[in-house]
Amino acid sequence: MQRYNHKKIEAKWQKVWLTKKAFLAKDFSKKPKKYILVEFPYPSGAGLHMGHLRPYVAGDVYSRFQRMRGYEVVFPIGWDAFGLPAENYAIKMGVHPSITTAQNVKNAKKQMLSWGLSFDWSREINTTDPNYYKWTQWLFLQFYKKGLAYEATGLINWCPKDKTGLANEEVIDGKCERCGTVVEKKELRQWYLKITAYAEKLLEGLKNLPEWPSAVKLQQENWIGKSVGAEISFPVIMSGYNQRRHSEGAQPTEESLKPNFLILHGRNGSPDSHLFPWIKSELENKGFKVQAPLMPNTQEPDDEEQAEFVLKNCKMDENTVIVGHSFGGVVALRLLEQGVRIKKLVLVSTPFSGKFLDNKPRPSVTKACKKGFDFKKIKQNAKQIGLLFDTSDYVVPMSDGESFAKNLNVPLVKARGQEPHFSGLKEPEVLSSIIPSIKVFTTRPDTIFGATYMVVAPEHPIIENSKLKIENWEDVQKYIESSKKKSEMDRSSEGKEKTGVELKGIKAINPATKEDIPVWVADYVLWGYGTGAIMAVPAHDERDFEFAIKYNLSITDVISKPEEVRMISVAIPPVPYVGPGVLKNSGEFSGMKSEDAIPKMAAAFGKATTQFKLRDWVFSRQRYWGEPIPIIHCPKCGIVPVPEKDLPVKLPNVKKYEPTGTGESPLAAIDKWVNVKCPVCKTSAKRETNTMPQWAGSSWYWLRYTDPKNKKSFADLKKQKYWTPVDVYFGGMEHTTLHLLYSRFWNLFLYDQGLVSSREPYSKRKPHGIILGPDGEKMSKSRGNVVNPQHIVASHGADTLRMFELFLGPHEDTIAWNDKSVVGVKRFLDRVWNYTNISNYVDSKVTDERVSNALHKLIKKITEDIESFSFNTSISAFMSFLKEVYKTNEELIESKSASEREIGKKNIIALGLPITKKDLKKFFILLYPFAPHVSEELYQLIGGKKTLQLEKWPEYDEAKIIDETVEIVVQINGRIKGKLIVDTGSGQDQVSAQALELEAVKQALVNEIVKRTVFVPNRLINFVV
RNA sequence: GGGGACGUGGCGGAAUUGGCAUACGCAUCAGCUUUAGGAGCUGACGCCCGCAAGGGCUUGUGGGUUCAACUCCCACCGUCCCCACCA
């Protein structure tokens, strides 16, 4: 008998599988498909570790099982190879990332093959392959075309060590997800993907994923963070005088007289289009007089002609506020140049340079702009000037706004319009630039009568915009500075005592009570959520209460607590009541219940809205080793996408990769690459030098697997239709609010574009628990507790490694590494080997009934366990089975011939109960998904001709599972008194009679009357006395 | 502070429409075999009392429902994960 040589047989079968291409998945096969996916790895220099093994082995067991069950299975793999480690290594060693990546891929692939994983290697992909990232770039451009990829300057998370911006999802406890450095805030120009536009769909979609664990769904739900409430504007009034002398001519300005409004539309506009009807009615509802003339020659307007027209037809005085939208702003400026004196001028997206981002000619506008402006006169004739520009404008550049701001010496307000160029039907930003107000989001509009003060976040533009009116500007500025620093510190360790400073000189009006209330700046209000401002209701909000107590702000109770709450809350010190109740001190709403008042009051004072915690996805990184963002910046045309025919935009091969730390990518220093001709106008332009985040390539990779070689599209729709959605996706819990959310977003978007065939990418998600080091700590190189799986492959073999890993515990549980039981699994496989090699049993004509019974039970158990991913109990079941059929048995030894008996006794070789080849084969099929190499080898040994992969999964016979007799537990009052062996299916009368004969039962029932008998067939009988 | 998962021998763990708690494996002990080591084989192995027969206790703690609770309900204690001043 040969010894079980794992090295030899594993190498042999791995070669057979490769050369026979045993695991190739066939497109459009007649069989039903199963798409089984594991998260593709980042090929690091350290190789694959136990953390990779777990989902891969689980996926492999599942794939091999499903192939034998008659499915066309695709089980693909690839490499998520862009990212920081390769780049950091390149910086340190001077080796190009593409070289280290190729080496690491080679090594990791070798490991995977050594584990016997049944991947379809013909579908292997690599995110750093230009043939792959061409399509990542192409997909990015689809987002851009639909306005879901945009460029904006904002305060973003910045890792000072990796010198790159980070997405919200990549910041864990205020630290960089990659390197653990405390993240800073930095103002940077960034690309964003507008994932917030899909917040509702991402949330809705979760409802149609019944096979996702609720923990995963809940975590995504919390991350998206929907809350329903109301948006309410609080008008802001400023004291009548500028407190700070900001220029020579500053004069005290009376503001008590009511303003009137003149609205001038732009080119191709009319007072009946876009935002104008809405603005007009909003202003008129507040009791203001509004003029909104239809200008002459709107197609190709002439600024002088239109100014003359306004002078002739409109009334203007020192209380007039002129609002000029786009070209209307140019006309307004002409009016002031001609000596019209007004109260306030508001320019909304008004052109200055005469150049446009979309590069379309607008000769009349350009001509008007080229004349220039007399800013000195304009400043003299308008007491106040406001500037509002749209960050998503694709016609009028932001630099025009900056030019106005510089020449007029007034702050520029940058805001995002509902539509680009503030051309939506309602544009609240425009309205608030005309009459300043602070917009708040609240989930409790029913408490508005209790709003006794307001708080804005330190970043709130109202502060900068009303700089000149704020009396205690130094204090305010000092506070803003200190809170900026605070956010860089580890705030969790500090007590969260609230601090703030009142903005003196400005007041807000509570729209419900009409009272003046103070406005504070405090960093307990976050700029990143809602509107960055709150109405503070100290009586009914814990944070507002704490703040009000500290700064002695007034507290108005507007909710009557329910009786039962009042009874138990005799709290000292007093606490705010935050629950619902009945309104009081709330004017006409007094007496209503919170739930009824909320929608009514939301409508009365503002409008019902929904807020999400989800932020837009910061999609650019200032690093080398990533997909270049396929965009060109042209001084004439602005942002120009790289034409599809020019994709991919390849990463240049360079010697220096160091991040600059300036917020520019290292690519910016490569002149030859950066300088290009604009694809539209052919003038000198520059490439976008930021690269995409690591999550880009993985946001669509499962689609590429369906059609990995396609040169014409990212994946043929017919092939997608056959393979997608993914049936089971194995992966880590840590990706729940990263990759898993991002890729759902991409898929939902592409589905809306008709580019993918299934709405959701993954039908079932199967997360796995992490494997801790032997010390119970998370495995990491720095702790030195990393376990290399290759050691076990070498010492005990891949089959042992696989089964051992599965045997550690339930797939979802976190487990500490403990390699002591490796030998237990190896012993088991040795015994399987030995059992098979006792040839006389292999040659049996019949299978022993005990074996047959055990085998059919095993078929049932393994089938059910794989389907429910309970791999650990499968391994137990195999061991129990072998124990049943393979043991030293005196009776068995006696039945042998004398010489055999002698051998048997002398070597104490355990002997097996008889089993036929046919049944033994069934056992090998069951074992095959778990220990494929040894199963193949043993099957061949007993005469098998083809790979087990082509065999059919066995069915179990219900009749063979039923035991002839069963043990029945006899209880009195639920306490065990004895046991009985009876025929399976025995009735109560028979069992009861036998049970009452038991000595222990007889004794216990002396002087007792059985009141009731509980009988569970084949299980127990319980006498209640 | 909010949300979620969980708590069973010396250890990893098994058992859920409520029905023999501790399967399977590791470790430990004893026996056989072996020149030895190892491997293999056989057996014991939750805790307490007892020479034994036997008895009592036991699934984080306390209560409840039930003929019967690891399993269901309530309260508490503890561990882990996620989010965290989210208006």
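Below, read A as the first sequence line, B as the second, and so on, with proteins coming before strands; counting in each chain starts at 1.
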Task: Most 5' of A/Asn818 and A/Val1016 on RNA chain B, judged by nearest nucleotide - done: A/Asn818

- [ ] Looking only at side-chain atoms of A/Met879, point me to the closest of B/C24, B/G3, B/A87.
- [x] B/C24

TODO: Indicate whether OP1 or OP2 belonging to B/C26 is found under 4.0 Å from a side-chain N or O atom of A/Arg827.
DONE: yes

Open item on the list: Need to verify one output field. Residue with the more 5' nearest nucleotide on RNA chain B, A/Asn872 or A/Phe612?
Closed with: A/Asn872

Task: Watson-Crick or G-U wobble mate for B/U65, both contacts under 3.5 Å - done: none

Open item on the list: So, does A/Arg975 get its side chain near the phosphate of B/C57, meaning an N or O under 4.0 Å from OP1 or OP2?
Closed with: yes

- [ ] Using a strict 4.0 Å threshold on nitrogen-to-oxygen distance, state whether A/Lys226 and A/Glu200 make a salt bridge.
- [x] yes

- [ ] Considering just the side-chain nitrogens and oxygens of A/Thr814, establish if one lies under 4.0 Å of OP1 or OP2 belonging to B/C81.
- [x] no

Task: Minimum-distance nucleotide (side-chain atoms of A/Ser821 versus B/G13, B/G25, B/G19) - done: B/G25

Task: Worked verdict on A/Thr984 versus A/Asp963 for side chain to side chain donor-acceptor pair (under 3.5 Å) - done: CA-CA 7 Å; A/Thr984 300; A/Asp963 297 308; over 6 Å; no

- [ ] Look up atom CE in A/Met733 and atom CD in A/Gln219, then write down how far apart they are to the nearest 0.5 Å.
- [x] 4.5 Å

- [ ] Measure from the side chain of A/Ile815, starting at C-beta and using heavy atoms only, and say which of B/G13, B/G19, B/C86 lies closest.
- [x] B/G13

- [ ] State whether A/Arg831 places a side-chain N or O below 4.0 Å from either non-bridging phosphate oxygen (OP1 or OP2) of B/C41.
- [x] yes

Open item on the list: Would you say CD of A/Glu542 has more than 12 non-hydrogen atoms from neighbouring residues, nucleotides or ligands within 6.0 angstrom?
Closed with: no

Task: Span that lies between the P atom of B/U8 and that of B/C80, in whole angstrom - done: 14 Å

Task: Which nucleotide in B/G19, B/C86, B/C82 has an atom nearest any side-chain atom of A/Lys613 - done: B/C86

